Novice: 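Input: one structure, supplied below.
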Amino acid sequence: MKILAVSDQAVERIYALASNGHFNDIDLILGCGDLPYTYLEYLTTVLKKPLMYVPGNHDPAYGNDSRSRAEGGENLDVRIIRRRGILFAGLGGSVRYHPDGVNQYTQMEMHMRAMKLLPALLLNKVRYGRSLDILITHSPPFGIHDDDTQAHQGLRALNWLIKIAKPRYHFHGHTHFYKNNLEQCETVFGQTTVMNIYPYKTIEMKNE
Ligand SMILES: [Zn+2]
């Protein structure tokens, strides 16, 4: 399975690449947040592939009107679903850094959200012999690809979730690279490869 993951910035050249057939071998599109929903809708429409996404801290609160969801996509926030035999989970939002911020959570609130995934993770383990294959979030885990500023501090709940669920991949966004891409964007944490998707990446996922 080949995945196109996108995050945080609508990249102009992706429109040309998509319409020129550059992503024709993509099976699935994953959005890691802070993107205009029109961008996600464009990708799923042009590539004719399923889209799953989580909201970022700059996205509107989830709702049913057209401005607060990506048409044709599935919001994976606090959900676990199985597609093409692959187990996906999502957790949107970032750490709280503004009292009125949308899709922002304290470390404790995010723990509570992550814990809601536990029953489905356990069920997956019983049914499929593993809890999770791919975790998509907006924020990075604590201490991995994050930084010291309040808005970009990683979420401790994700370190916990990765340890419990042991996904093969964790894709996230939220933290951009300011130092000419010298910063690391891929880190192995336990059995999981943590990847910063900003602004987009293609990932070939081999069957085990
Ligand atoms: Zn963000």
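Values in this document were obtained by computation on a predicted structure and should not be read as measured data. Order of listing sets the numbers, starting from 1, for every ligand and every atom in it.
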Novice: With the Zn ion (ligand 1) as the centre, enumerate protein N/O/S atoms below 2.8 Å in chain and residue order.
Specialist: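 D34 OD2, N57 OD1, H138 NE2, H174 ND1, with waters left out.
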Novice: Decide, yes or no, whether a salt bridge links K2 with D25 under the criterion of side-chain N to carboxylate O below 4.0 Å.
Specialist: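 Looking at D25 together with K2, the answer is yes, because their closest N to O distance falls below 4.0 Å.
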Novice: Give a yes or no on whether the backbone of A16 and the side-chain of N20 come within a donor-acceptor separation of less than 3.5 Å.
Specialist: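 It does hold such a pair.
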Novice: Using the salt bridge (Lys or Arg N to Asp or Glu O under 4.0 Å) rule, collect all pairs that involve residues 92-104, keeping only residues at least two apart or in two chains.
Specialist: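 Qualifying pairs, neighbours excluded: none.
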Novice: Which pairs with one or both residues in residues 101-118 pass salt bridge (Lys or Arg N to Asp or Glu O under 4.0 Å), sequence neighbours excluded?
Specialist: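 Salt bridge (Lys or Arg N to Asp or Glu O under 4.0 Å) check on residues 101-118 returns D77-R113.
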Novice: What pairs of donor and acceptor atoms, side-chain ones from residues 49-57 against any protein atom, are under 3.5 angstrom apart with sequence neighbours left out?
Specialist:
from, atom 1, to, atom 2, distance (Å)
Y53, OH, A70, N, 2.9
N57, OD1, H138, NE2, 2.9
N57, OD1, H174, ND1, 3.2
N57, ND2, Y97, OH, 2.8

Novice: Check for me whether the distance between the ring centres of F171 and Y169 falls short of 6.0 Å.
Specialist: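 Yes, they do, as the ring centres are separated by less than 6.0 Å.
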